Undergrad: 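Have a look at the structure that comes next, please.
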There are 2 protein chains.
Amino acid sequence: MRLTHYLLPTLKENPAEAQIASHRLMLRAGLIRQEAAGIYAWLPLGLRLLRNIERIVREEMERAGAVELLMPTLQLADLWRESGRYDAYGPEMLRIRDRHERELLYGPTNEEMVTEIFRGYVRSWRSLPLNLYQFQWKFRDEQRPRFGVMRGREFLMKDAYSFDLDEAGARRSYRRMFVAYLRMFARMGVRAIPMRAETGPIGGDLSHEFLVLAQTGESAVFCDRAVLDLPVPAADVDYAGDLAPLVAAWTAPYAATEDVHDAGRFEREVPAQRRLLARGIEVGQIFYFGTKYSLPMEATVSGVDGVELPVHGGCYGVGVSRLVGAIIEASHDGHGIVWPDAVAPFQAGLLNLKPGDARVDAACESLYAGLRAAGIGVLLDDTDERPGAKFARMDLIGLPWQLLVGPRGLDGGMVELKHRASGERRELAPEAAIAFLRQSLSTSHPETHP
Amino acid sequence: MRLTHYLLPTLKENPAEAQIASHRLMLRAGLIRQEAAGIYAWLPLGLRLLRNIERIVREEMERAGAVELLMPTLQLADLWRESGRYDAYGPEMLRIRDRHERELLYGPTNEEMVTEIFRGYVRSWRSLPLNLYQFQWKFRDEQRPRFGVMRGREFLMKDAYSFDLDEAGARRSYRRMFVAYLRMFARMGVRAIPMRAETGPIGGDLSHEFLVLAQTGESAVFCDRAVLDLPVPAADVDYAGDLAPLVAAWTAPYAATEDVHDAGRFEREVPAQRRLLARGIEVGQIFYFGTKYSLPMEATVSGVDGVELPVHGGCYGVGVSRLVGAIIEASHDGHGIVWPDAVAPFQAGLLNLKPGDARVDAACESLYAGLRAAGIGVLLDDTDERPGAKFARMDLIGLPWQLLVGPRGLDGGMVELKHRASGERRELAPEAAIAFLRQSLSTSHPETHP
């Protein structure tokens with residue numbers, strides 16, 4: 001992409017309304033624009049982040065055997081009366097009347113609708129287990145929306161729903177999602193730690209939150225450092241096999257948010273030098289809720305012996321739009337954002353330091369074409385701004401690599417390659433720079449960079 | 001995908017509520033489920049269609065130089081008061097009050113919001129032309145929603161908005177979209193004919209609708225058969241060049257919907273043997289509307305001489321969810337849907353005609369792995385239903401190719417390959433069938449099948 005043909009409205013100053021780093025940086029880097037309280041437009045660079053995160057989540061959901069569908073944003077109020085949640089949900093639910101005075105709502109979550117779809121079609125234990133998921137915009141009318149996309153009102157979520165014949169099956173489905181979550185967050189370049197959670201209004205008796213550690217996190221967390229050293233399951237993890245030992249290994253070390261923290265247990269179980277007091281941001285939560293929806297909504301299947309049984313369910317959320325903010329909270333510095341390779345909106349920024357100079361222009365065009373041909377996403381800064389402004393903007397938007405092309409380097413046949421995260425710089429011939437980037441990106445993320 | 005792990009709820013009978021072929025077939029083929037009047041869930045197979053259509057539209061928009069962003073579904077009422085459309089829009093606009101009694105609406109279109117985004121960032125003629133587009137769900141509260149996704153209330157649209165310094169620039173932007181539309185519909189395997197249109201409530205003085213011809217179309221159309229023989233612009237069309245001759249060639253033959261039909265002109269200009277009276281379904285519309293929004297909303301840029309000028313705009317819609325229905329109307333037979341290759345949810349159906357037979361199971365598994373390795377999307381019917389039910393279902397869902405694997409064929413080392421559209425069948429060795437499909441699909445759609 002050429003910057004002169006793009007919309008990348010970066011800001012030099014910190015916006016006064018933004019209180020936390022990710023909100024400030026998302027506004028400054030031109031990722032989002034506020035359209036109403038807690039409602040954002042995703043500008044072109046921001047949308048690329050959403051899509052990259054979505055792609056990783058989708059690949060891991062598919063690997064775990066889930067099936068994607070798409071439910072509408074608006075739902076009938078009567079559907080929520082079946083489960084008893086319509087009146088219980090409170091003012092966070094956006095209630096709507098259409099032109100015929102029918103009561104609708106903007107879905108804050110989809111347990112009711114997916115249960116209605118399930119009961120409409122699935123009759124037999126032979127169709128189980130089934131895990132249906134979607135990426136869809138949700139609305140929760142927060143009393144006080146703030147912190148940008150971290151506590152917005154209209155937000156993008158991946159929500160999955162599992163259906164099993166019995167509790168044992170449902171727990172197997174739960175463990176598949178547990179493992180898929182470990183993989184998806186690790187692939188995004190963040191460490192998300194599973195922590196036992198309260199189940200809250202969704203109900204059920206088994207739940208884990210996944211929290212990204214970040215100094216600016218919303219929750220205090222307490223954990224055993226041992227959890228930081230656990231190996232993330234590999235891509236060839238056997239989802240058909242017994243995942244209980246793997247989940248047990250990940251849930252054995254103490255890890256709890258302040259809501260459920262047990263200081264006595266923490267001190268008894270965790271040696272002092274392994275005690276980690278940190279802050280975290282919730283980016284996913286998984287629940288086993290049993291027959292909470294299938295009983296009132298009569299979602300049953302015939303079991304092996306022909307008897308009708310209510311299905312056992314679980315639900316599994318990932319805050320896709322929130323993750324953009326959470327990754328920034330976990331990965332930024334004084335100059336701006338530092339995107340992990342796998343989610344970066346472009347892999348490299350290409351800076352033309354003297355546009356109008358025929359030799360520099362030609363070198364940039366050649367590098368631009370070469371990088372694209374190598375499958376490397378590249379943003380070419382072909383504006384006529386001064387080099388200092390270009391350096392600052394490129395640092396701010398946080399692409400993993402910067403290629404600096406100017407007359408002095410070209411005198412020696414060289415361009416400069418800068419690694420955003422480490423600040424390391426090296427001089428390379430243009431072809432060598434392309435080869436280096438191709439090699440580097442395929443090594444760091446073999447699954448996403450062919 | 002294995003059918004036993006999928007959700008594909010096909011119906012044997014025609015649903016009573018569906019009046020037109022596409023609605024009947026979308027319900028029968030398990031593509032959608034109605035969740036409220038005019039509001040649908042997209043079941044797994046249907047979602048794959050939406051995504052394939054979206055991908056083709058995106059590729060052609062990018063080729064034409066448009067930049068993708070994503071606006072929220074909900075908008076502030078005050079934004080629409082700026083353009084004067086809030087009161088003018090009527091009961092089709094879904095008006096909402098949030099918990100703080102702020103007036104919102106579910107966007108039926110986005111001219112106001114994109115103009116607000118534009119004016120927030122773009123200051124100079126140097127940033128023009130700019131074309132911003134999105135795929136986003138819209139809501140129009142139809143008085144009487146019907147015909148399934150053809151006249152739904154919550155629907156997926158690609159909407160693009162161009163910004164230019166003057167009318168001449170805006171007309172160039174308009175022509176780029178005109179050409180992109182010719183390409184995208186052709187790539188979907190349908191012939192969409194551009195017809196001069198009335199501009200309606202969006203305003204402006206230049207507009208074309210693109211209509212897919214189908215016997216069951218909503219509008220009567222009158223055209224010169226010559227338009228059917230015009231060559232669709234190739235992938236290497238020069239969007240930076242002068243597209244006026246190309247657009248002129250496509251708009252020269254008479255083509256009009258009944259709304260603007262001029263019977264006298266039709267008979268004068270079109271020889272009797274070339275007069276085509278048909279029916280069509282609108283799948284896209286493009287508008288040039290000049291300064292209709294930029295003037296009241298004060299979206300100006302400084303021109304070459306430094307004087308502030310209101311930008312000239314156009315908007316360009318494609319009904320993504322509606323296209324699923326329109327393609328079915330244009331491509332089905334007595335047995336079901338006949339998907340064009342480029343949009344088909346899977347390229348091939350693989351029918352195991354005797355599950356449990358070790359030799360047939362092994363042949364199916366080998367073909368399944370081989371097709372996937374060749375990059376061919378495949379749906380394996382591994383259910384234990386009888387062959388007749390499998391044949392009927394595969395014909396109904398309309399995948400381009402069917403591979404029939406049974407004991408009798410395997411006795412001779414053969415499987416049967418059936419082409420859904422023509423009904424042609426041939427016997428081939430399994431490896432030859434994979435090679436044939438790979439060759440056939442890469443030849444028919446080199447751009448989408450690597």
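Every value quoted in this text rests on a predicted model; they were computed, and no experiment measured them. Throughout, a chain's letter reflects where its sequence line sits, starting with A, and its residues are numbered from 1.
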Undergrad: For B:L74, is it the side chain, the backbone, both, or neither that has a heavy atom closer than 4.5 Å to a heavy atom of chain A?
TA: both

Undergrad: Under a 4.5 Å heavy-atom cutoff, which of B:L50, B:L79, B:I117 has the most pairs with chain A?
TA: B:I117

Undergrad: Side chains of B:I39 and A:L76: does their closest heavy-atom pair fall under 4.5 Å?
TA: no

Undergrad: Heavy-atom distances under 4.5 Å only: say whether B:I32 touches chain A with side chain, backbone, both or neither.
TA: backbone

Undergrad: Counting only non-hydrogen atoms closer than 4.5 Å, does A:F118 touch chain B with its backbone (N, CA, C, O), its side chain (CB onward), both, or neither?
TA: neither

Undergrad: To the nearest 0.5 Å, tell me how far B:L104 CG sits from A:I96 CD1.
TA: 9.0 Å

Undergrad: Side chain, backbone, both or neither: which part of A:L43 has an atom under 4.5 Å from a heavy atom of chain B?
TA: both

Undergrad: Do you know which of B:P44, B:G30, B:P72, B:P9 has the most heavy-atom pairs under 4.5 Å to chain A?
TA: B:P72

Undergrad: How about the chain A/chain B donor-acceptor pairs under 3.5 Å, what are they, with distances?
TA:
from: A:R33; atom 1: NE; to: B:E116; atom 2: OE1; distance (Å): 3.3
from: A:R33; atom 1: NE; to: B:E116; atom 2: OE2; distance (Å): 3.2
from: A:R33; atom 1: NH1; to: B:Y121; atom 2: OH; distance (Å): 3.3
from: A:R33; atom 1: NH2; to: B:E116; atom 2: OE2; distance (Å): 2.8
from: A:W42; atom 1: N; to: B:L70; atom 2: O; distance (Å): 2.7
from: A:W42; atom 1: O; to: B:L70; atom 2: N; distance (Å): 2.9
from: A:L70; atom 1: N; to: B:W42; atom 2: O; distance (Å): 2.9
from: A:L70; atom 1: O; to: B:W42; atom 2: N; distance (Å): 2.6
from: A:T73; atom 1: N; to: B:E154; atom 2: OE1; distance (Å): 3.4
from: A:T73; atom 1: N; to: B:E154; atom 2: OE2; distance (Å): 2.6
from: A:T73; atom 1: OG1; to: B:Y106; atom 2: OH; distance (Å): 2.7
from: A:T73; atom 1: OG1; to: B:E154; atom 2: OE1; distance (Å): 3.2
from: A:T73; atom 1: OG1; to: B:E154; atom 2: OE2; distance (Å): 2.9
from: A:L74; atom 1: N; to: B:E154; atom 2: OE1; distance (Å): 3.2
from: A:D98; atom 1: OD2; to: B:R153; atom 2: NH1; distance (Å): 2.8
from: A:R99; atom 1: N; to: B:D141; atom 2: OD2; distance (Å): 2.8
from: A:R99; atom 1: NE; to: B:Q143; atom 2: OE1; distance (Å): 3.2
from: A:R99; atom 1: NH1; to: B:D141; atom 2: O; distance (Å): 2.7
from: A:R99; atom 1: NH2; to: B:Q143; atom 2: OE1; distance (Å): 3.0
from: A:H100; atom 1: NE2; to: B:Q143; atom 2: O; distance (Å): 3.0
from: A:Y106; atom 1: OH; to: B:T73; atom 2: OG1; distance (Å): 2.7
from: A:E116; atom 1: OE1; to: B:R33; atom 2: NE; distance (Å): 3.3
from: A:E116; atom 1: OE2; to: B:R33; atom 2: NE; distance (Å): 3.2
from: A:E116; atom 1: OE2; to: B:R33; atom 2: NH2; distance (Å): 2.7
from: A:Y121; atom 1: OH; to: B:R33; atom 2: NH1; distance (Å): 3.3
from: A:D141; atom 1: O; to: B:R99; atom 2: NH1; distance (Å): 2.6
from: A:D141; atom 1: OD2; to: B:R99; atom 2: N; distance (Å): 2.8
from: A:Q143; atom 1: O; to: B:H100; atom 2: NE2; distance (Å): 3.0
from: A:Q143; atom 1: OE1; to: B:R99; atom 2: NE; distance (Å): 3.2
from: A:Q143; atom 1: OE1; to: B:R99; atom 2: NH2; distance (Å): 3.0
from: A:R153; atom 1: NH1; to: B:D98; atom 2: OD2; distance (Å): 2.8
from: A:E154; atom 1: OE1; to: B:T73; atom 2: N; distance (Å): 3.4
from: A:E154; atom 1: OE1; to: B:T73; atom 2: OG1; distance (Å): 3.2
from: A:E154; atom 1: OE1; to: B:L74; atom 2: N; distance (Å): 3.2
from: A:E154; atom 1: OE2; to: B:T73; atom 2: N; distance (Å): 2.6
from: A:E154; atom 1: OE2; to: B:T73; atom 2: OG1; distance (Å): 3.0

Undergrad: Please look at A:L47 and chain B and tell me whether the side chain, the backbone, both or neither of the residue comes under 4.5 angstrom of a heavy atom of that chain.
TA: side chain

